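Worksheet: the structure to be examined is printed underneath.
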Number of protein chains: 2
Amino acid sequence: MARTTIPPLLPPRHEPFKVACSTCGIRQLCLPMGLPPIDIEQLERMVKARRLVPRNTALFSAGDAFEAIHVVRTGFFKTSACAEDGRDQVTGFQMAGELLGLDGIVDGVHTCQAVALEDSQVCVVPYERLEGLSRDFERLQHQFHRLMSREIVRDQGVMLMLGTMRAEERVVAFLINLMRRLRARGFSSSSVVLRMTREEIGSYLGLTLETVSRTFSRLQDDGLLEVKAREVRVLKPRMLLQVIRQAA
Amino acid sequence: MARTTIPPLLPPRHEPFKVACSTCGIRQLCLPMGLPPIDIEQLERMVKARRLVPRNTALFSAGDAFEAIHVVRTGFFKTSACAEDGRDQVTGFQMAGELLGLDGIVDGVHTCQAVALEDSQVCVVPYERLEGLSRDFERLQHQFHRLMSREIVRDQGVMLMLGTMRAEERVVAFLINLMRRLRARGFSSSSVVLRMTREEIGSYLGLTLETVSRTFSRLQDDGLLEVKAREVRVLKPRMLLQVIRQAA
DNA sequence: CGTCTAATTGAACATCGTCAATACTTGTGG
DNA sequence: CCACAAGTATTGACGATGTTCAATTAGACG
């Protein structure tokens, strides 16, 4: 029953959690980031509920009506864009504090799919409520704009990677980015357990799963990494950075 | 003096134009799109001025302080992202009604460069003013959010292209997209004069200029296009569409 | 009209993708 | 608890696609 190619819909729509941004462990990485307590209180009013998203289920899919922005509270997601012709690609991986669903605003319909790669929890921010409170609270408004802009800058970075990097550089850039974000969340800065398959990494990087696998093996042979299935340990962080810098 | 690799700064900062969105020829494609007259009047209040941007000059560069969103009124732009290591890539081409500078919101600094590919005119929308009026005018607010979201969706489309398409598909997708947008602006739907070099196209598509050139030649040999330097005429629009559809 | 940039084209080469065989994980049911 | 099955990862050989380098031609602009 688990692990279907088309993830099953999520049965329980809303879990009745108590939401309290002001005491949330990830508030420095999330929407409240940098806001004074008075604005964070407003933020709490926006959040409708938390929602559980079991592993391998879709939080939303392409074509779904857009009603809310979601913020990852715990867990790990991937988003995939799909074109009309069936082509699809992983466009990003999201972890605690990161936003899901900004694509839906323009036409009120999601154009991508968000799937949990492990049992996860998200905060549901109904979009109408967000716009409403943004009108009354300047800092909240600015914060939201900053996060949309950050997504645009992030996307530009992905384009740069896809357009200019070779396979090895892409894989290394992916790893460095992932570990930087994990470090910001208090995880080890030298070792990761990847939540995604080689195929998903490859899709994100515009490579085949074989090329991703071979690249990991080569980086291991060169002594920069230790790779054991999904567990990656960085042995030479400096040299890893150089893999990208030396190119141009 | 002209055509330096680093475009010269724009000497006259603000041209004293009278701004009137309500009578502007491109209002259906621009920020006012779909808004009722009463909101368009508010929009006019946001626009500080129009500004002339001569060919091959930068409207803004990476590192510049972000103060305003710009909207292309006439002409044609490219935006390029540049990484710390010197790597850079064209991330988009903008024409009348399209926005420039959304990347600057997050940190108050531009992360990309916008260069005019022909003598152009932009409307300057000071960002503080935009946020201020957005708080008072719901539809304006929503419109702005829609346009940021549209940029995110557009970027996802570019990623999909860079990650999954072969050279010929990329070039064709680029042409189809360009002509669709030109058609929406009342230009011929069968012939274009490209404003950018093969190198700029290649950078955008993640290909070398030689591959772009060869691909044009092949599409011409196959009778789908007629290419004479920068002038491209589409002879078989249906078959052009099929170049992309048949892949998956 | 001449110079500089841009575009085309060819040949050799590198990188990555495809196909295929094998090994390793993980979860499930006997 | 073990064995099996399905999914996931590794590795090799080969081939396709796109890059690099180089030479030539065509355009654009002063």
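Small disclaimer: the values here were computed from a predicted structure and weren't measured. Values below: all heavy atoms of this structure, side chains included; hydrogens, waters and symmetry mates excluded. Residue numbers begin at 1 in each chain, while the letters A, B, ... track the order of the sequences.
In this structure, CZ of B/R166 is placed 10 Å from C1' of D/dA16, rounded to the nearest angstrom. A/L194 has its CG atom 12 Å from the C1' atom of D/dA9, to the nearest Å. A straight line from CE of A/M196 to P of D/dT8 spans 14 Å, rounded to a whole angstrom. The nearest whole Å value for the distance from the CZ atom in B/R55 to the C1' atom in D/dC29 is 10 Å. Whole-Å rounding puts the B/E118 CD to D/dA28 P distance at 15 Å. Spacing between atom NZ of B/K228 and atom C1' of D/dA28 amounts to 15 Å, rounded to whole angstrom units. Separating the CD atom of A/E231 from the P atom of C/dT25 is a distance of 11 Å, rounded to the nearest angstrom. Between the CD atom of A/Q220 and the P atom of D/dT10 there is a distance of 9 Å, rounded to whole Å.
Heavy-atom minimum distance, A/H110 versus A/A65: CD2-O, 3.8 Å.
For the salt bridge (charged side-chain N to carboxylate O under 4.0 Å, His left out) test with A/E118, the passing option among A/R230, A/R195, A/R55 is A/R195; the others fail.
Under a 3.5 Å cut-off, the side chain of B/D222 and the backbone N or O of B/L224 do not form any donor-acceptor pair.
Residue A/E199 places its CD atom among 12 or fewer non-hydrogen atoms of other residues, nucleotides or ligands, all under 6.0 Å distant. Annotation for B/R233: atom CZ does not count as buried by contact number, only 12 or fewer foreign heavy atoms lying within 6.0 Å.
Between B/R230 and the phosphate of C/dA6, there is no side-chain N or O to OP1/OP2 separation shorter than 4.0 Å.
Between the side chains of B/Q94 and B/T79, a donor-acceptor pair is found at a separation under 3.5 Å.
The listed nucleotides are D/dT11, C/dT9, D/dA9; the one nearest the side chain of B/S217 is C/dT9.
Within residues 198-215 of chain B, the residues approaching DNA chain D are B/G206, B/L207, B/T208, B/E210, B/T211, B/R214, by heavy-atom distance under 4.0 Å.
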